[in-house]
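Everything on this sheet refers to the single structure shown next.
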2 protein chains.
Amino acid sequence: MNNKEKLRKAGLRPTKQRMIIADILLDGINRHFTAENLQNEINSSGNSMSIATIYNCLKKFRNCGLIKQVESSKDTAIFDTNINQHHHFLDEETGELIDIENDEVNLHKLPKIPQGYLNNGVEVLIKIKKQI
Amino acid sequence: MNNKEKLRKAGLRPTKQRMIIADILLDGINRHFTAENLQNEINSSGNSMSIATIYNCLKKFRNCGLIKQVESSKDTAIFDTNINQHHHFLDEETGELIDIENDEVNLHKLPKIPQGYLNNGVEVLIKIKKQI
DNA sequence: TTTTTACTTTAAAATCGTTCTAAACTACTT
DNA sequence: AAGTAGTTTAGAACGATTTTAAAGTAAAAA
Ligand SMILES: [Mn+2]
Ligand SMILES: [Mn+2]
Ligand SMILES: [Zn+2]
Ligand SMILES: [Zn+2]
């Protein structure tokens with residue numbers, strides 16, 4: 001399926017701007033990035049785009065499940081092209097995130113989901129620190 | 001140990017403002033809160049404090065290990081008085097966090113920590129969604 | 001194809017959480 | 001008591017993100 005079809009299937013009009021972003025993000029390579037990182041990549045690709053449009057698109061892409069947003073206490077939002085359920089190593093010093101594939105973690109015992117709620121995904125974060 | 005001693009032990013001068021905050025936060029009740037939540041509690045207790053001081057104190061308390069900061073993709077920082085290693089349920093709709101004690105989760109298989117790094121804490125986040 | 005409609009992009013302004021500045025204040029040391 | 005190092009504060013500044021509102025574009029209707 002090409003990117004135009006992916007956008008259509010997600011219910012998004014394949015505008016010029018969304019196609020530029022899709023060409024960068026939906027290439028099958030997993031990456032973690034900020035809005036500013038993406039703007040730099042757009043610029044490097046010979047295109048340009050308003051930062052408002054980049055935020056609009058990232059929100060649409062996220063809400064459609066084309067990308068995810070990482071839970072992070074940094075003040076800049078971090079997005080993730082790996083949309084499979086997976087986990088992360090986090091170096092809190094640098095903010096660097098490294099993917100952990102789902103099958104590398106085995107949760108043996110899980111607590112009961114609170115009454116009236118459904119499990120909507122489990123994420124394991126392993127904080128790591130550079131050895132001294 | 002009283003709050004004055006706790007602050008001293010943490011290497012912090014027990015100023016009037018830090019004591020007010022310690023009286024609210026270090027009462028043994030686990031809670032998740034923002035800087036603004038805390039300011040409201042300070043006001044409710046008949047005191048008042050500059051928001052700059054609240055941020056200063058929260059940062060000091062966090063760096064001393066008296067409180068933790070939760071990893072969250074919300075744009076407002078969330079702090080946690082439960083400083084034990086523990087886990088959370090997160091309702092992504094509302095942002096509500098519910099503690100999961102450490103012994104309610106059993107991680108059977110964990111990936112190898114990257115070369116040159118040390119494990120600095122594991123956090124499990126279970127996203128939950130209201131049943132429809 | 002033309003027209004109409006709803007949706008999208010944009011630059012610029014606004015917003016909002018957080019940090020900085022610099023002056024006044026306070027806790028601790030001598 | 002005097003000195004000094006650390007703390008508080010109001011207000012300004014900052015930086016990420018959102019809003020505004022006008023111009024542009026894609027899809028639908030005619
Ligand atoms: Mn965040
Ligand atoms: Mn912010
Ligand atoms: Zn990832
Ligand atoms: Zn907690």
Side-chain angles (χ1 to χ4, degrees), chain A residues 2-24 32-43 45 47-64 66-80 95, chain B residues 2-24 32-43 45 47-64 66-80 95:
Chain A
N2 64 29
N3 287 338
K4 188 173 275 192
E5 291 170 333
K6 282 184 194 164
L7 290 173
R8 282 235 158 78
K9 194 178 159 201
L12 299 178
R13 285 188 183 178
T15 64
K16 179 163 165 283
Q17 288 79 359
R18 287 175 183 161
M19 286 299 294
I20 291 168
I21 291 179
D23 287 345
I24 292 171
H32 305 115
F33 63 98
T34 65
E36 196 192 354
N37 294 156
L38 177 58
Q39 191 171 44
N40 290 336
E41 287 206 63
I42 290 166
N43 292 338
S45 76
N47 294 288
S48 76
M49 202 175 299
S50 155
I51 193 67
T53 301
I54 291 172
Y55 279 107
N56 288 343
C57 289
L58 287 174
K59 196 178 282 188
K60 292 271 189 187
F61 277 43
R62 166 171 44 78
N63 292 343
C64 291
L66 292 171
I67 61 175
K68 296 213 272 187
Q69 183 171 355
V70 177
E71 295 292 330
S72 160
S73 57
K74 300 199 65 188
D75 55 8
T76 305
I78 299 171
F79 296 89
D80 194 338
Chain B
N2 64 29
N3 287 338
K4 189 174 275 194
E5 291 170 333
K6 282 183 195 164
L7 290 173
R8 282 236 158 77
K9 196 178 158 202
L12 299 178
R13 286 189 183 177
T15 64
K16 179 163 167 281
Q17 288 79 359
R18 287 175 185 162
M19 287 300 294
I20 291 168
I21 291 179
D23 288 346
I24 292 171
H32 304 114
F33 64 96
T34 64
E36 195 192 356
N37 296 155
L38 178 58
Q39 190 170 44
N40 290 336
E41 286 204 64
I42 290 167
N43 293 339
S45 76
N47 294 288
S48 77
M49 202 176 297
S50 154
I51 192 68
T53 302
I54 292 173
Y55 278 108
N56 287 343
C57 290
L58 287 174
K59 197 178 281 190
K60 291 271 189 188
F61 278 42
R62 166 170 44 78
N63 291 344
C64 291
L66 292 170
I67 61 175
K68 296 214 272 186
Q69 182 170 355
V70 177
E71 294 292 330
S72 160
S73 59
K74 300 198 65 188
D75 54 10
T76 305
I78 299 171
F79 297 89
D80 193 338

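These numbers were taken from a predicted model, which means no experiment stands behind them. Numbered from 1 within each chain, the chains take letters A, B, ... in sequence-line order.
- Applying side chain to side chain contact (heavy atoms under 4.5 Å, CB included) to A/L66 and the options A/I21, A/L7, A/N3 leaves one that passes, A/L7.
- A heavy-atom distance below 4.5 Å is found between the side chains of A/F61 and A/L12.
- In this structure, NZ of B/K74 is placed 14 Å from P of C/dC16, rounded to the nearest angstrom.
- The separation between B/Y55 atom OH and C/dG17 atom P is 7 Å, rounded to whole Å.
- As a whole-Å value, the separation of A/K59 NZ from D/dT19 C1' is 10 Å.
- Of the N and O atoms on the side chains of A/N56 and A/T53, not one donor lies less than 3.5 Å from an acceptor on the other residue.
- Rounded to an integer number of Å, the gap from A/L7 CG to C/dT8 P is 11 Å.
- Between A/R62 and A/L58 the shortest side-chain heavy-atom distance does not fall below 4.5 Å.
- In this structure, B/Q39 places its CD atom 13 Å from C1' of D/dA10, rounding to the nearest Å.
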Polar atom pairs between nucleotides 7-9 of chain D and protein, under 3.5 Å, N or O only, would you list them?
residue : atom : partner : partner atom : Å
D/dT7   : OP1  : B/R18   : NH1          : 2.7
D/dT7   : OP1  : B/R18   : NH2          : 2.9
D/dT8   : OP1  : B/T15   : OG1          : 2.5
D/dT8   : O3'  : B/Q17   : NE2          : 2.9
D/dT9   : OP1  : B/Q17   : NE2          : 3.3
D/dT9   : OP2  : B/S50   : N            : 3.4
D/dT9   : OP2  : B/T53   : OG1          : 2.6

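- The CD-P distance, from A/E36 to D/dC14, rounds to 17 Å in whole Å.
- Both A/I51 and B/F79 sit near DNA chain C, but only A/I51 has its closest nucleotide nearer the 5' end.
- Atoms CZ and CZ, on A/R18 and A/R13 in that order, are 8.5 Å from each other to the nearest 0.5 Å.
- The separation between A/D75 atom CG and D/dA13 atom C1' is 15 Å, rounded to whole Å.
- Atom C1' of nucleotide C/dT9 and atom CZ of A/F61 are separated by 14 Å, given to the nearest angstrom.
- Atom CD of B/E36 is surrounded by 12 or fewer heavy atoms from other residues, nucleotides or ligands within 6.0 Å.
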